[in-house]
Amino acid sequence: MTDGESEIRAALERDRRAVSVGTLVTAVATVDELKRTIYETTGIWLAAENPFTVVRLFGGVTGAAVAGWLTSDLGSGTITGTKAAVYGLGLAYLLTIAFSILYWPLVRGVFPPPLFGAVVVPAINAIPMFGTYLVGGLLAGIVADRASSARYRSGTGRK
């Protein structure tokens with residue numbers, strides 16, 4: 001393997017990690033929406049505290065900024081930021097469905113669980129968030145990548 005190939009592989013791996021970290025940050029930033037959806041579906045309010053409460057509808061921006069900042073020089077902050085925002089929203093949606101599906105049989109003793117409510121209510125809440133996460137992820141990924149690249153070029157940091 002040549003030096004160029006190994007550099008490209010390292011950049012691709014870094015970009016994959018950037019998307020993963022950004023996805024997790026997006027999902028954490030969406031915790032308040034998850035709590036509201038779970039409350040609407042099951043009637044239980046989770047006592048989890050979210051440090052990103054003020055940006056819950058813009059959680060994609062937070063995750064995309066992290067992903068864009070971590071993107072390699074060969075990668076695109078636009079792509080990693082958008083992926084992190086959308087994947088994070090999808091992860092939050094799947095976690096909400098999983099909680100609801102496990103909650104009804106285990107806690108309430110209802111089997112089969114009300115799948116319509118478990119799948120549709122989170123989707124209704126996720127639809128308006130999708131647009132803000134998509135656009136916010138796109139823009140935040142670009143800005144964070146540019147800021148990170150500028151810092152790297154100025155010699156004040158490593159990328």
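We number each residue from 1, following the sequence as shown.
- At a threshold of 4.5 Å between non-hydrogen side-chain atoms, the residues Tyr133 and Thr82 do not count as touching.
- Contact of the Leu91 side chain with the Leu24 side chain is registered, since non-hydrogen atoms from C-beta on lie closer than 4.5 Å.
- When every heavy atom of Met129 is checked against every heavy atom of Leu89, the shortest pair comes out as CE-CD1, 3.7 Å.
- The backbone N or O of Gly22 lies less than 3.5 Å from a partner atom in the side chain of Thr26, making a donor-acceptor pair.
- Every residue two or more places apart in sequence or in another chain that forms a side chain to side chain contact (heavy atoms under 4.5 Å, CB included) with Leu74 is listed here: Glu7, Ile8, Ala11, Ser72.
- Counting all heavy atoms, side chain and backbone alike, Asp145 lies closest to Gly75 at OD2-O, 4.3 Å.
- For residues 90-102, there are no side chain to side chain donor-acceptor pair (under 3.5 Å) pairs, not counting sequence neighbours.
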With side chain to side chain contact (heavy atoms under 4.5 Å, CB included) as the test, would you mind laying out the steps for Phe116 and Val121 before giving the verdict? CA-CA 8 Å; Phe116 181 78; Val121 171; over 6 Å; no
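- Taking hydrophobic clusters as Ile, Leu, Val, Met, Phe, Trp and Tyr residues chained together by side-chain heavy-atom distances below 4.5 Å, Leu94 shares a cluster with Leu115.
- The shortest non-hydrogen separation linking Trp104 to Pro113 is CB-CB, 3.6 Å.
- Applying the salt bridge (Lys or Arg N to Asp or Glu O under 4.0 Å) criterion to Arg16, with sequence neighbours excluded, gives Glu13.
- Residues Ala84 and Val19 come closest through the heavy atom pair CB-O, 3.9 Å.
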